[in-house]
Number of protein chains: 2
Amino acid sequence: MGERKIRNMEEFASVSGISRPTVSKYFNDPSSVRASTRARIEAAIEQYDYRPNIYAINQNRQLTKNIGIVVPYLADPFFGEIARVIEQRCIEAGFSPSLFSSHGEAEQERDILDTLRSLKPAGVLLAPLGRTSDKSVIEAFCRDVPTVLFDSNIEGMGEAFVGSDNYSFVSQTVEYLSRTGEPPCFFEMKHPANPNANKRRRAYLDMMERLGLEPLVLQIEGTGWEFEEIGRKGGHDILSRKAMRTNTILCSNDRLAIGLLSACYEAGYKVGRDAGHDLRVASHDDHPFSRYTCPSLTTAAHDYANVSGHAVDTLFHLIESGGRFSTRDETLFSARLIMRDSA
Amino acid sequence: MGERKIRNMEEFASVSGISRPTVSKYFNDPSSVRASTRARIEAAIEQYDYRPNIYAINQNRQLTKNIGIVVPYLADPFFGEIARVIEQRCIEAGFSPSLFSSHGEAEQERDILDTLRSLKPAGVLLAPLGRTSDKSVIEAFCRDVPTVLFDSNIEGMGEAFVGSDNYSFVSQTVEYLSRTGEPPCFFEMKHPANPNANKRRRAYLDMMERLGLEPLVLQIEGTGWEFEEIGRKGGHDILSRKAMRTNTILCSNDRLAIGLLSACYEAGYKVGRDAGHDLRVASHDDHPFSRYTCPSLTTAAHDYANVSGHAVDTLFHLIESGGRFSTRDETLFSARLIMRDSA
DNA sequence: AATTATTTTTTACGCGCGTAAAGAATTTGC
DNA sequence: GCAAATTCTTTACGCGCGTAAAAAATAATT
């Protein structure tokens, strides 16, 4: 290295002793040139540290090698993990992932889709905000850009959906809790941000009926994405009102549960499954921190790896198919019950 | 809307009745054209939903309006929050932020800087991995791209550093703990990922000496970024060995403390500051979840808003200054003690 | 060695926009 | 109302690359 700086592909071609069109061909697909040619080009890359100007490359393309990843809330480590796995897979497949977070704001989600449109991505993996999303904006976006929805489904939008089977989450926790102790009430936000919450409530009601038990849904106030605080406040509320009918509370998701556990602690309730405890608390998601709550949280785990893996696979398939599927299929992965100390 | 699709600025100029160079001028700076012209262009934008091709725009620029944001570990909600604030400010200033996470891997950090270089950003806000970072890669990057380091300092790299004053964190917690009870031992990783950890240890030793107390540093095994698990395992270790000399443990950071609290709970130690508790635990960072641990965690809080705000301001200033500062200044913001229930 | 198949070179054009220069039109100041 | 200042139009070129077509070179096949 250390040679004079190469300014463009023309110069690079001349110093590497290969014609520019062939060099261009190489950068589009290294295997498309003869092995000996490839070796010479790669030696020159090594020596001169040249790489093509991505803006010039993309200017004439109506489709780039970019992939957009949109998550609703990045301060939730769940999505940080998802992002990591998805990014990795995109890079391995030769794409350039761009990560965006709506940070819980519909307006941000709109702006992100706007930005993404002008990035002309080959495809987009979108985990929408859910209830607060501007449906018409998302619909319009999905018409223009090949999009796979994940985590949170919006009926009919995107070419496919990949997520978790909420029924499988709730059926396992309800069954487990009922079998091992008093039946659970269901603790959730009155106006949940995420459509999964509604599915989970319905699954709870359904399971309870199926088991011949009387359901009890406790809906707490609060909006936004600060679920822990909402859970804590709501927890204090139901504890002080003694709104539960049994000693068992099933939370819609782990972040609410983390808040509820905090309220239980503050109010002097001992949570745990063994004798000598006042309450059992269980939940859904297997949030990265649920292992470290006190007590550790019994929950139902997403199949992280499969959800993100299959979402990426589906997107790649979509891209290869020219951006459209004939039918929109929804893939749901089952949850896995994680028994810890809280219930 | 609904008119025929505009393919380029030429077409847009003709339908808006303004010449292309003027339209171009408008998009580079709307205030650079006469108000009446601006109104006509904006009406046409509204009507035809045209926006310039960003790839064509950036191709001839040696500097774009992009800003790169690199954080070490996005599954830590702390960085999710930072990212939110910084992104917001960049957008307001008319830049396009691109967020990247090294996910704790030096190789990823290297790849990200590689990608960023080809994005030709106007500037980069980089929170390096720290100890595991490839210093020479970062140094080379900072030579080519105007960069402000934040959160974690690497001596001499980047045009400036903005972070928190580790001494201020530790001096406040040590002072508080010593004043209100037994003096603390210091709980940390033997091989911390982050250079802040070393500063904090030194600050602890210094403060203890200053107060005439005997220091005790407990260094636990474990590498990587799963601090909670490392803290939990290390916690069990020191608890079973009864390695502490007093009833008070000061953790290097909140994520370790979260793990330690979990170990304390599992081992049957009651944590809290009131009578009837076995241990006091305090820490540093004011991690978003530290409010929701059981008991809630006494800690020293980063000045989030100021750190991220000043980092962005510094970068803007750097960009206006042509990418170089004559001197590299380091700005440190003080911590704020947050007294909760754990100590 | 001759034929065929494959790969590379040469030449040339276009993408969408930035931008420079010179002249025309409009606005501003007095 | 007129000169000066500002803004806009016209014309034209270049950026770095993709890519098409035809010719040349190289490799594979028989």
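By convention in this document, chain letters (A, B, ...) are assigned in the order of the sequence lines, proteins followed by strands, and residues within each chain are numbered from 1.
A salt bridge is defined here as a Lys NZ or Arg NE, NH1 or NH2 lying under 4.0 Å from an Asp or Glu carboxylate O, and A:Glu159 with A:Arg324 meets this definition. Comment: B:Arg40 does not engage B:Glu42 in a salt bridge, judged by the lack of any side-chain N to carboxylate O separation of less than 4.0 angstrom.
The CD1 atom of A:Ile54 sits 13 Å away from the C1' atom of D:dC17 (whole-angstrom rounding). C:dG18 atom C1' lies 18 Å from atom OH of B:Tyr26, rounded to whole Å. For A:Ile6 and D:dC17, the CD1 to C1' distance is 16 Å, given to the nearest whole Å. Atom CG in B:Leu63 sits about 15 Å away from atom C1' in C:dG18, given to the nearest Å.
Inter-residue side-chain proximity for B:Leu125 and B:Val70 is flagged as unmet; no heavy-atom pair is nearer than 4.5 Å.
B:Tyr73 pairs by the ring pair (Phe, Tyr, Trp, His ring centres under 6.0 Å) definition with B:Trp225, not counting sequence neighbours.
Contact between the side-chain N/O atoms of B:Ser24 and the OP1/OP2 oxygens of C:dG18 is found at a separation under 4.0 Å.
Between B:His317 and B:Phe325, the two ring planes are tilted [angle within 30° to 60°].
The local environment of CZ in A:Arg7 is sparse, with at most 12 non-hydrogen atoms from other residues, nucleotides or ligands closer than 6.0 Å.
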(Q) Generate the contact string for nucleotides 7-16 of chain C. Rules: B means base contact, S means sugar-phosphate contact only, - means no protein heavy atom under 4.0 Å. (A) SSBBBB-BBB
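Among the heavy atoms of the strands, none lies under 4.0 Å from A:Asn58.
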